[in-house]
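First the structure, in the form of structure tokens, and then the observations on it.
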Amino acid sequence: MSFAATLNGSLPLSDAWSGYLADAQAQITGLNARAVILLLVNIPVLAIFLNVVGQLIIPRKATDPPVVFHWLPFVGSAISYGNDPLKFFFECREKYGDVFTFILLGKRVTVALGPKGNNFILGGKSITFNAEDAYTPLTTPVFGRDVVYDVPNDKFMEQKRFVKVGLSTDNLRAYVGMVEEEVEQYMNKEATFRTFQTNDINEWGQFDVVKVMQEITILTASRTLQGKEVRANLDKEYAQLYNDLDGGFTPINWMMPNLPLESYRRRDRAQKKMSDFYVDIIRKRRAGNPEAEHDMIAALLEQTYRNGEYLKDHEIAHIMIALLMAGQHTSSATGSWSLLHIAHNPDIADALYKEQVQNFGTPDGKLRSMTYEELRALPVLDSVIRETLRIHPPIHSIMRHVRDDVVVPGTLSNPGKDKTFIIPKGHFVMASPVVSQMDPEIWKNSEEWDPLRWSDPNGVAAQAFKTYLDENGEKVDYGFGAVSKGTESPYQPFGAGKHRCIGEQFAYMQLGTLISTVIRNVELRIDAIPEHNYHTMITMPKEPRTISYRRRKFD
């Protein structure tokens, strides 16, 4: 037998070699595992270390606004801003002044606070401070293409003009009765108000104010702006489509618009179905549907762009989706906060009810229907809505994308100094009118919900506006009295500038009628006002937000 054969017989070479390789691989694998673990632990620590060192050591340009200190690279101040933006703004203002930059998930955002900051951003030229660049990743997948921020600014302005036609005073007059009827039907039919339906004035029931306001505002908006066909189709399928579409209208959709998530796919499917639903209505209208009435769809069908072209079917459909989504969100939020504060302040609730009795009482002890002009002349109701919008504006931050380098006025960046800041092209800017509306330097007891500040002609609101309000300047009436239209006003509940919300008067009509109808029928009580939920696009109250109610009178 050969030597090799003998060796193979006593210790097979293949087995020895494979054992060696296995042992070596095990050691390497162990080393790799440890290395991976060390990397996973140390890379984030190193990134945080370098991020902090960079902020402390690397000098910034003299023209750069101060940057808010942050531990986490890329994330920046997103957590503190997202959890409580108002607290974040006031704390940064105390440390850095009215102009500062913070990192928001990789985006550099420069904030300008106060009335002058609002004027700088919201009154700036749209070619420099661009809204389309900032918001189209969020709005286009929800509203649809070729409308709102998916078109150039001049075309968007034309579309806003078209919508204003549908919000004529004649239409608003007709809408008051429709809203009142919808609210009464809801209270008389929905299981949420079963205690009210028993006709017992001694029993107390409860309702989730956000759920109720969301449902009522959809019903009232569809009955008025949207038309008969939409209102007739508010079934479970339509409601599910709306919920799926609404699920795509959140901060995460704006920050990361292309995530491969099922909620994004549901949003896209819902948008297509709702668009097809409206297009079908529009085509029937064009064919001469005899049941059509002069609602928003009818108004849009008659409008033409400056070049003479009529709106396309899908443009009208997508404008209708935008109106439904935007109007429902803001109205349900403001309605929820209003009812919560009314329930928490029995004296204001009593004053509201007495105002209804004084203005609409009949000899038989009942209350007649309201008219649009009468609704606008109710001082207690006006003050309640005005004050609610002061401390609970639906949107706390307004953002623009910077298309060209822009100089921050020295009076804003460094009052009394010569140095100015420059915001580079590609960055974002942010205004927050709620900071002015909650500023203790402007408003006495700024954090308190006090409608009386508006009804007292010598009150703190009147005093506050003397500093900023140009008595000879242009005014705007949102439905509750004229206030400054200027972007430097400390009170801007619907924003300011070219992109200011166009549905203010409709919103006031809807809210005023809704609140009046509820107050006519029930007493409201709640022990405490909920905290703000800033994790949604529109600022809503956190749970618990359950209001107790009791019927006022027997049928």
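FYI, the numbering just counts along the sequence from 1.
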Apply salt bridge (charged side-chain N to carboxylate O under 4.0 Å, His left out) to K155 and E158, showing your working. CA-CA 5 Å; K155 190 169 185 178; E158 287 195 80; over 6 Å; no
Assess whether ring pair (Phe, Tyr, Trp, His ring centres under 6.0 Å) is satisfied between F129 and F120, documenting all intermediate values. CA-CA 10 Å; F129 293 150; F120 170 61; 5.3 Å; yes
Check the pair V230 / F277 against side-chain contact (heavy atoms from CB on, under 4.5 Å), numbers first and verdict last. CA-CA 9 Å; V230 179; F277 168 73; 4.0 Å; yes
CA sep, side-chain torsions, deciding dist, call: M438, W443, side-chain contact (heavy atoms from CB on, under 4.5 Å): CA-CA 7 Å; M438 295 291 289; W443 309 88; over 6 Å; no
Check the pair W454 / Y491 against ring pair (Phe, Tyr, Trp, His ring centres under 6.0 Å), numbers first and verdict last. CA-CA 12 Å; W454 297 98; Y491 182 72; 5.0 Å; yes
Evaluation steps, side-chain contact (heavy atoms from CB on, under 4.5 Å), between F89 and F100: CA-CA 10 Å; F89 288 142; F100 53 88; 4.2 Å; yes
Chi angles and distances behind the side-chain contact (heavy atoms from CB on, under 4.5 Å) call for I422, D64: CA-CA 6 Å; I422 296 176; D64 287 347; over 6 Å; no
Could you walk me through whether K116 and D98 satisfy the salt bridge (charged side-chain N to carboxylate O under 4.0 Å, His left out) test, starting with their C-alpha distance in whole Å, then the side-chain angles of each, then the deciding distance to 0.1 Å, before giving a yes or no? CA-CA 9 Å; K116 292 185 182 298; D98 279 339; over 6 Å; no
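Panel note: side chain E543, backbone D208; no donor-acceptor pair is recorded below 3.5 Å. Under the 3.5 Å distance criterion, the side-chain polar atoms of T334 are matched with a main-chain donor or acceptor of T330. For Q214 (side chain) and S332 (main-chain N/O), no donor-acceptor pair under 3.5 Å exists by modelled atom type. When atom types are taken as modelled, the side chain of R269 and the backbone of L245 share no donor-acceptor pair closer than 3.5 angstrom. T136 contributes no side-chain N or O that, together with a main-chain N or O of D133, makes up a donor-acceptor pair within less than 3.5 Å. The backbone N or O of T217 lies less than 3.5 Å from a partner atom in the side chain of T220, making a donor-acceptor pair. Remark: the backbone N or O of H70 is paired with a side-chain donor or acceptor of N51 at under 3.5 angstrom. Checking side-chain atoms of E132 against main-chain N and O of Y149 turns up no donor-acceptor pair under 3.5 Å. The backbone N or O of I127 lies less than 3.5 Å from no partner atom in the side chain of R403, so there is not a single donor-acceptor pair. Of the possible donor and acceptor atoms, none in the side chain of R145 sits under 3.5 Å from a partner among the backbone N and O of E315.
To the nearest 0.5 Å, atoms CG (L50) and CD (Q55) are separated by 11.5 Å. Taking CD1 of I252 as the start and NE2 of H535 as the end, the distance is 12.0 Å to the nearest 0.5 Å. We find the CD1-CD distance between I316 and Q303 to be 9.5 Å, quoted to the nearest 0.5 Å. The distance from the CG atom of D246 to the CE atom of M537 is 11.0 Å, given to the nearest 0.5 Å. To the nearest 0.5 angstrom, M213 atom CE is 10.5 Å from S331 atom OG. Distance check: D150 CG to Q159 CD gives 9.5 Å after rounding to the nearest 0.5 Å.
One finds no salt bridge joining E91 and K95 here, because no Lys/Arg side-chain nitrogen approaches an Asp/Glu carboxylate oxygen to under 4.0 Å. Between D244 and R267 there is no salt bridge, since none of the side-chain N atoms of the basic residue sits less than 4.0 Å from a carboxylate O of the acidic one. A salt bridge links R93 with D439: the distance from a Lys NZ or Arg NE/NH1/NH2 to an Asp or Glu carboxylate oxygen falls below 4.0 Å.
Checking T250 against N253 by side-chain atom types alone, a donor-acceptor pair falls below 3.5 Å. No side-chain donor from either of Y175 and Q510 sits under 3.5 Å from a side-chain acceptor of the other. A donor atom on one side chain and an acceptor atom on the other are not found under 3.5 Å apart for D84 and H532. A donor atom on one side chain and an acceptor atom on the other are not found under 3.5 Å apart for H318 and D146.
In summary, the aromatic rings of H401 and Y135 are positioned with their centroids too far apart to meet the 6.0 Å limit.
Here the closest non-hydrogen pair linking I218 and Q328 is CG1-CG, 3.3 Å. Annotation for Y81 and S397: closest pair OH-OG, 2.8 Å, computed over non-hydrogen atoms. Scanning both residues, P424 and V402, for their nearest heavy atoms gives O-CG1, 3.7 Å. The shortest heavy-atom contact between N445 and R453 is O-NH2, 3.2 Å. Looking at every heavy atom in both residues, P490 comes nearest to I442 through CB-CD1, 3.9 Å. Heavy atoms only, all atoms of each residue included: V210 and P541 are closest at CG2-CG, 3.6 Å.
Put simply, the residue from T388, L378, I342 that forms a side chain to side chain contact (heavy atoms under 4.5 Å, CB included) with I515 is I342.
In this structure, the side chains of V380 and P451 stay at 4.5 Å or more apart for every pair of heavy atoms. Residues I321 and Q271 have side chains in contact (heavy-atom distance under 4.5 Å, counting atoms from C-beta outward). Side-chain contact between F207 and V209: present, with at least one pair of heavy atoms (C-beta onward) separated by less than 4.5 Å. In this structure, P493 and E504 have side chains that are not in contact, with every pair of non-hydrogen atoms separated by 4.5 Å or more. Proximity of V111 to F102: side-chain heavy atoms (C-beta onward) are separated by under 4.5 Å at one or more points. With a 4.5 Å cut-off on side-chain heavy atoms, V179 and M509 count as touching. With a 4.5 Å cut-off on side-chain heavy atoms, F506 and L511 do not count as touching. Proximity of N171 to T224: side-chain heavy atoms (C-beta onward) are nowhere separated by under 4.5 Å.
Sorted by first and then second residue, the salt bridge (charged side-chain N to carboxylate O under 4.0 Å, His left out) pairs involving residues 321-334 (not counting sequence neighbours) form an empty list. The side chain to side chain donor-acceptor pair (under 3.5 Å) analysis of residues 99-108, with sequence neighbours excluded, yields the pairs T101-T110. Residue pairs meeting the salt bridge (charged side-chain N to carboxylate O under 4.0 Å, His left out) criterion with at least one member in residues 527-541, sequence neighbours excluded, are E531-K542.
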Extract all donor-acceptor atom pairs below 3.5 Å that involve side chains of residues 425-433 and protein atoms in other chains or at least two apart in sequence.
residue	atom	partner	partner atom	Å
S432	OG	H396	O	2.7

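Taking K272 as the reference, D276 meet the salt bridge (Lys or Arg N to Asp or Glu O under 4.0 Å) condition, with sequence neighbours excluded. Shown here are the ring pair (Phe, Tyr, Trp, His ring centres under 6.0 Å) partners of F90, two or more places apart in sequence or in another chain: there are none.
Relative to the ring axis of F162, K164 does not place its NZ or CZ within 45° and under 6.0 Å from the centre.
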